[in-house]
Colleague: 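One structure is given below, represented as structure tokens, and several questions about it will come after.
Counting starts at 1 for both ligands and their atoms, following the listed order. The structure displayed is predicted, hence computed values, not measured ones.
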Amino acid sequence: MTELRISQKEFDLFRDFIYKEVGISLSDKKIGLVQSRLSKRLKALGLSSYDDYYYYIQDHKEEEIFHLISAISTNVTSFFREEPQWAYLRENINTIFASTRKIRIWSAACSSGEEPYSIAIFLKENLDHYKEYDIKILATDISKKVLEKAISGRYVAKDIAGLPKHILQRYFDIDKRDPQAPYAIKEDLKAQITFRMFNLVYDDFSIFKNRFDFIFCRNVMIYFDGSSQMKLVSNFHKILSENGLLFIGHSESLTRNNKEFKTVRPSIYERI
Ligand SMILES: C[S@@+](CC[C@H](N)C(=O)[O-])C[C@H]1O[C@@H](n2cnc3c(N)ncnc32)[C@H](O)[C@@H]1O
């Protein structure tokens with residue numbers, strides 16, 4: 001079936017709205033992507049133009065914004081993504097936390113939860129004297145839909161593909177008769193993680209009263225424009241502890257003249 005064409009004027013309406021509400025900056029090149037993603041939603045709602053959909057969103061903002069976010073942003077993620085960062089942490093984690101027994105980590109833009117669960121599993125596997133530590137992980141995303149999956153902690157075979165057998169046995173309850181989600185994160189691991197909605201571009205960072213040792217903000221800054229990225233990195237600086245680490249995606253970088261962080265490894269930065 002042929003897709004309904006989006007006009008430049010309609011695209012501009014959505015582009016401005018998405019920037020204002022989500023912070024995602026869409027270039028002209030994204031017109032095809034926006035058309036193909038939104039046309040599915042138009043069809044589901046029985047609407048006959050993108051204009052109509054735009055006004056439908058204004059009338060049903062509360063519920064519809066989540067569909068819009070899911071349609072335009074990519075939620076792709078996986079367990080233990082960005083292997084070089086885990087390799088760095090395997091070498092250094094015990095030195096980093098040698099003189100403290102309290103660990104606070106934020107997985108910002110956590111998508112469906114694979115990132116914060118990887119962090120929790122990693123710590124349990126690699127931290128000496130693990131039981132002595134008070135560990136809390138905050139995991140946030142702008143999308144209610146992905147957060148629901150994250151909170152459920154339930155995954156299908158393709159989500160856990162590549163995880164070693166011993167990790168599956170230790171950290172997942174496996175019920176292969178459950179076709180919806182045969183792999184469920186064990187409750188004690190889930191208990192370490194608090195999931196919340198948070199918009200990295202527009203929400204207020206002053207809500208964070210305690211400092212984080214690590215912030216993972218991977219594969220999301222790429223969707224923001226330069227000024228939003230700079231503001232975000234500066235906000236991270238304010239809420240990271242001294243020498244705290246910021247992890248970003250391998251295809252992202254901090255601006256060269258950033259004076260608030262120094263490079264530890266590509267895509268790993270230390271707060272100055
Ligand atoms: C590609 S995923 C990255 C997930 C994970 N960090 C990783 O690297 O595997 C990007 C996530 O960013 C979220 N996102 C997009 N815009 C956001 C915003 N303004 N504030 C917070 N999260 C946002 C999306 O909902 C999506 O789940």
Colleague: Is the Phe79 to Tyr171 ring centre distance short of 6.0 Å?
Modeller: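 No: the rings miss the under 6.0 Å criterion.
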Colleague: Are Phe224 and ligand 1 in contact, using a heavy-atom cut-off of under 4.0 Å?
Modeller: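 It does; at least one heavy atom falls under 4.0 Å.
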Colleague: Please report which non-hydrogen protein atom sits nearest to atom 10 (C) of ligand 1, along with the residue it belongs to and the distance in Å to one decimal place.
Modeller: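 The closest one turns out to be Thr74 O, 3.4 Å.
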Colleague: Check ligand 1 against Arg218 and write out every atom of the ligand that is under 4.0 Å from a heavy-atom position of the residue.
Modeller: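 Listed by number with element: 3 (C), 5 (C), 6 (N), 7 (C), 8 (O).
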Colleague: Look only at interatomic distance and state if Ser78 has a nitrogen or oxygen under 3.5 Å from any nitrogen or oxygen of ligand 1.
Modeller: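 No: no nitrogen or oxygen of Ser78 is under 3.5 Å from one in ligand 1.
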Colleague: Nearest to atom 26 (C) of ligand 1, what protein heavy atom do you find, and at what distance?
Modeller: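 Protein heavy atom with the smallest distance to atom 26 (C) of ligand 1: Asn75 OD1, 3.3 Å.
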Colleague: What protein heavy atom is closest to atom 25 (O) of ligand 1, reported as residue, atom name and distance in Å?
Modeller: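 Heavy-atom neighbour on the protein nearest atom 25 (O) of ligand 1: Asp141 OD1, 2.6 Å.
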Colleague: Look only at interatomic distance and state if Ser143 has a nitrogen or oxygen under 3.5 Å from any nitrogen or oxygen of ligand 1.
Modeller: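 No - when backbone and side-chain N and O of Ser143 are compared with those of ligand 1, no distance drops under 3.5 Å.
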Colleague: Nearest to atom 9 (O) of ligand 1 by heavy atom, Ile72, Val22, Thr77: which?
Modeller: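 Among Ile72, Val22, Thr77, the closest heavy atom to atom 9 (O) of ligand 1 belongs to Thr77.
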Colleague: Any luck finding a side-chain donor-acceptor pair between Arg101 and Tyr133 under 3.5 Å?
Modeller: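 Result is yes, a qualifying pair exists.
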Colleague: Quick one: nearest non-hydrogen protein atom to atom 12 (O) of ligand 1, plus distance?
Modeller: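 Minimum-distance protein heavy atom for atom 12 (O) of ligand 1 reads Val220 CG2, 3.3 Å.
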Colleague: So which heavy atom on Glu21 is nearest to which on Asn199, and how close?
Modeller: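 Looks like O-ND2, 3.0 Å.
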Colleague: In terms of the angle between their ring planes, are Tyr269 and Phe261 parallel, tilted or perpendicular, with boundaries placed at 30° and 60°?
Modeller: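 It falls in the perpendicular class, over 60°.
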Colleague: With respect to Ala108, determine whether any N or O atom, backbone or side chain, lies less than 3.5 Å from an N or O atom of ligand 1.
Modeller: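 No.
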Colleague: Give every residue pair that meets the salt bridge (Lys or Arg N to Asp or Glu O under 4.0 Å) criterion with at least one member in residues 198-225, sequence neighbours excluded.
Modeller: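 The answer is Glu115-Arg218.
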Colleague: For ligand 1, which atoms have a heavy atom of Asn199 less than 4.0 angstrom away?
Modeller: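 Listed by number with element, the hits are 18 (C), 19 (N), 20 (N).
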Colleague: Does ligand 1 come near enough to Ile24 that some N or O of the ligand is less than 3.5 Å from an N or O of the residue?
Modeller: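 Not met; the criterion fails.
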Colleague: With a 3.5 Å cut-off and no angle check, do the side chains of Glu82 and Ser267 form a donor-acceptor pair?
Modeller: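 Note: Glu82 and Ser267 side chains miss the donor-acceptor criterion.
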Colleague: Scan residues 155-167 for pairs that pass side chain to side chain donor-acceptor pair (under 3.5 Å), counting only residues two or more places apart or in two chains.
Modeller: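 Output for this query lists Lys149-Asp159.
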Colleague: Any idea which protein heavy atom is nearest atom 21 (C) of ligand 1, and the distance to it?
Modeller: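 The closest one turns out to be Phe198 O, 3.3 Å.
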Colleague: Is it true that a side-chain atom of Gln192 and a backbone atom of Lys136 form a donor plus acceptor pair closer than 3.5 Å?
Modeller: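 No.
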Colleague: Can you report which non-hydrogen protein atom sits closest to atom 7 (C) of ligand 1, along with the distance?
Modeller: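 Going by distance alone, atom 7 (C) of ligand 1 is nearest to Arg81 NH1, 3.2 Å.
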Colleague: Any chance the rings of Trp106 and Phe198 have centres within less than 6.0 Å?
Modeller: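 Judged by ring-centre distance (under 6.0 Å), Trp106 and Phe198 do meet the cut-off.
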Colleague: Counting non-hydrogen protein atoms only, what is the nearest one to atom 17 (C) of ligand 1? Give residue, atom name and distance.
Modeller: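 Protein heavy atom at minimum distance: Ile142 CG2, 3.5 Å.
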Colleague: Just checking, any donor-acceptor pair under 3.5 angstrom between side chains of Tyr223 and Thr74?
Modeller: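 The answer is yes; a qualifying pair exists.
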Colleague: For atom 20 (N) of ligand 1, what's the nearest protein heavy atom and its distance?
Modeller: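 Looking only at protein heavy atoms, the one closest to atom 20 (N) of ligand 1 is Leu200 N, 2.9 Å.
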